[in-house]
A.B. asks: 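Sharing a structure here in structure tokens format.
Position 1 is the first residue of the sequence, and the numbers go up from there. Because the structure is predicted, anything quoted here is derived from the model rather than measured. Counting starts at 1 for both ligands and their atoms, in listed order.
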Amino acid sequence: MAAMVAAHFPLLSFDTTDPAFVADPWARYREIRGLGGVVFNERINRWMVSDFDLNKQILSAPEIFGSERGQMEHAAVFGGPTMEFYDGPHHDRIRSIWSGDFRPRTLARLRPVITEIVRARLDPVTARLRDGETVEVVSELTRGIPTEVIAHMLGVEPAMVAQFTAWSDAMGASAEGYSMPNEHGAELIAAGKHATAQLNSYIRDELPRRSCPVADEWDLIGTMVAHEYACEHMTEQEIVASNTQLVFAGNETTAKLLAQIVATLAAHPDQRRILQSDRGLALDAVEEVHRHETVSHSIFRDAMGESATVGDIRIGDGERITLLLGAANRDPQRWEDPDTFDITRRKLSHLGFAFGLHSCLGMNLARLEAQIFLEELIETVGDWQLAGPLDYGTNYTVRGPRQVLVAAA
Ligand code: HEM
């Protein structure tokens, strides 16, 4: 696809899967800002937008910058189309089925369950740290927490949780595979597709069991299956894919946020001490880690029709735009000293969960999990430090450390 645009526009060419860029994308973002905030990356044949305001404008206009053209790629990832790639009323109706379940007040009832899940994983890690061991917290702590939470919410029976976790891990790893142009990448993608097919099949088999929900057995699969709109207007494939999407959309992202919380607060003991003296700042600290590092580092939209402009640049019909949410969250026009990690900074909304029509359905769940995780971490581990370099791999779309080695401080 060639860029069909106004005569003058800034060009850049860089590889977004280069581990050096994924580990430290901030200089590149400053360069894009210096070029006006909108550039065309010839290497990946996409526009890239770094400014907070421009990203928000794009996200506010789904009729001009749409998600639907990504439908085919998306269906392959989840085993069918989901709300994320519909822009019309069908999106709103599917989203409304679960929107009540993801409100803060509804989610508050999950606090005891989430706390139990966090403690079960954190307690052995804390004991090992106290014994002077070094622990790799992604594999041993953070990765499993969101998977167990969503398994509980979907009503996965306890005997299946280990298998469910293996499918979720394989799906998460496949995202990394797409950014690796080698044999290992191809293996990860194949394993992810296999896991998606198996999870699809598991959910499909669960549907009949959920069609007559028992009052005290609430779960998300049952909520959708029993909903009038789903019965009349969603295909079985859409219902299965929608539930699969929750596993994929929620686990890798939230696990990376938890890992980033451990890593960022290890690197900023001054901020950790502020939190220790005022535990009420846990949610502020979560938001600041999220703003500062931004897990969903980039998303995309496609220009629809001839009227798409970003800033003063016209984008041709069908051209793809990468929204650099990580860059937007460090936009100096919006935040003072944006590169400084400061949990007490003035609260301003960030784009870590995007904005508008497709803003993250699970944002309050992710926040609650991260808040409980951080509260427990501060309470039990107290002080910790990095015991090795962070490895960010090759995936800048869902960015976060693949490995975090930690020791007690
Ligand atoms: C830190 C954790 C998370 C991050 C950073 C994150 C980020 C995002 C972002 C940026 C989007 C917008 C995508 C776009 O506009 O193209 C999104 C959408 C979505 N997220 Fe999340 N997410 C997280 C956790 C979760 C969780 C826990 C769930 C559910 C269990 C979830 C479910 C969804 C769904 C269903 C959508 C599509 C919403 C729609 O199309 O209306 N996410 N997420």
A.B. asks: Cation-pi between R399 and Y392: NZ/CZ under 6.0 Å from ring centre and within 45° of the ring axis?
C.D. replies: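 Satisfied, under 6.0 Å and within 45°.
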A.B. asks: For R301 and ligand 1, does the shortest N/O to N/O distance drop below 3.5 Å?
C.D. replies: yes
A.B. asks: Distance to 0.1 Å, residue and atom name: give those for the protein heavy atom nearest to atom 12 (C) of ligand 1.
C.D. replies: H358 O, 3.3 Å
A.B. asks: Checking R33 against S50: is there a side-chain donor and acceptor pair closer than 3.5 Å?
C.D. replies: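 No, no side-chain donor-acceptor contact under 3.5 Å.
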A.B. asks: Within 45° of the axis and under 6.0 Å from the centre of the six-membered ring of W26, does NZ or CZ of R330 qualify?
C.D. replies: yes
A.B. asks: Can you confirm whether the side chains of Y86 and H358 place a donor and an acceptor under 3.5 Å from each other?
C.D. replies: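 No, no side-chain donor-acceptor pair sits under 3.5 Å.
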A.B. asks: Any heavy atom of S67 sitting closer than 4.0 Å to ligand 1?
C.D. replies: no
A.B. asks: Which of the atoms in ligand 1, numbered in the order shown and given with their element, are less than 4.0 Å from a heavy-atom of A354?
C.D. replies: 10 (C), 12 (C)
A.B. asks: Give me the residue, atom name and distance of the protein heavy atom closest to atom 13 (C) of ligand 1.
C.D. replies: E84 OE2, 3.5 Å
A.B. asks: Considering only heavy atoms of H91, which atoms of ligand 1 have at least one such atom less than 4.0 Å away?
C.D. replies: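 That gives atoms 39 (C), 40 (O), 41 (O) of ligand 1.
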A.B. asks: Under the criterion side-chain hydrogen bond (donor to acceptor under 3.5 Å, both in side chains), which of Q276, R279, R119 is the partner of E379?
C.D. replies: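 Only one of Q276, R279, R119 forms a side-chain hydrogen bond (donor to acceptor under 3.5 Å, both in side chains) with E379, namely R279.
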A.B. asks: Would you mind running through ligand 1 and noting each atom that sits below 4.0 Å from a heavy atom of H290?
C.D. replies: 5 (C)
A.B. asks: Run the ring-ring contact (aromatic ring centres under 6.0 Å, His included) check on F353 and H290 step by step: do they pass?
C.D. replies: CA-CA 9 Å; F353 292 112; H290 199 179; 4.6 Å; yes
A.B. asks: Tell me the protein heavy atom at minimum distance from atom 27 (C) of ligand 1, and give that distance in Å.
C.D. replies: G250 CA, 3.5 Å
A.B. asks: Taking atom types as modelled and ignoring hydrogens, do the side chains of N200 and T244 form a donor-acceptor contact shorter than 3.5 angstrom?
C.D. replies: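 T244 and N200 do have a side-chain donor-acceptor pair below 3.5 Å.
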A.B. asks: Can you confirm whether the side chains of S60 and Q57 place a donor and an acceptor under 3.5 Å from each other?
C.D. replies: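 The answer is no; no qualifying pair exists.
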A.B. asks: Relative to ligand 1, is L257 under 4.0 angstrom through side chain, backbone, both or neither, heavy atoms considered?
C.D. replies: side chain
A.B. asks: May I ask which of M363, E252, Q245 has a heavy atom nearer to atom 37 (C) of ligand 1 than the others do?
C.D. replies: Q245
A.B. asks: In the protein, which heavy atom is nearest to atom 38 (C) of ligand 1, and how far is it?
C.D. replies: R95 NH1, 3.4 Å
A.B. asks: For atom 42 (N) of ligand 1, grab the closest protein heavy atom and report residue, atom and distance to one decimal in Å.
C.D. replies: C360 SG, 3.0 Å
A.B. asks: Where is the tightest heavy-atom contact between G318 and D302, given as atom of each residue plus distance?
C.D. replies: O-OD1, 4.4 Å
A.B. asks: Looking only at protein heavy atoms, which one is nearest to atom 24 (C) of ligand 1, and what is the separation?
C.D. replies: T253 OG1, 3.5 Å
A.B. asks: Given S359, S296, P146, identify the one with the heavy atom nearest to atom 7 (C) of ligand 1.
C.D. replies: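 Answer by nearest heavy atom: S296.
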A.B. asks: Mind checking whether E369 contacts ligand 1 via backbone (N, CA, C, O), side chain (CB onward), both or neither, at a 4.0 Å heavy-atom cut-off?
C.D. replies: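 E369 to ligand 1: no contact under 4.0 Å from either part.
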A.B. asks: Give the residue and atom name of whichever protein heavy atom lies nearest to atom 30 (C) of ligand 1, and the separation in Å to one decimal.
C.D. replies: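 I find the closest protein heavy atom is I150 CD1, 3.6 Å.
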A.B. asks: Decide whether a cation-pi geometry holds between R272 and W384; the criteria are a distance under 6.0 Å from NZ or CZ to the six-membered ring centre and an angle within 45° of the ring axis.
C.D. replies: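 The answer is yes, since R272 meets both limits relative to W384.
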A.B. asks: Hey, does the Lys NZ or Arg CZ of R28 hover above the aromatic six-ring of F14, less than 6.0 Å from the centre and inside 45° of the axis?
C.D. replies: yes
A.B. asks: Would you say E288 and H268 are linked by a side-chain donor-acceptor pair, where the criterion is simply a distance under 3.5 Å?
C.D. replies: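 No, because no side-chain N or O of H268 sits under 3.5 Å from a partner of the opposite role on E288.
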A.B. asks: Considering only the protein, which heavy-atom contact is closest to atom 34 (C) of ligand 1, and what is its distance?
C.D. replies: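 Result: L361 CB, 3.9 Å.
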A.B. asks: Should you measure from each heavy atom of L357, which atoms of ligand 1 turn up under 4.0 Å away?
C.D. replies: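 Per the distance check, 41 (O).
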A.B. asks: Quick one: which ligand 1 atoms are inside 4.0 Å of a heavy atom on G352?
C.D. replies: 5 (C), 7 (C), 10 (C)
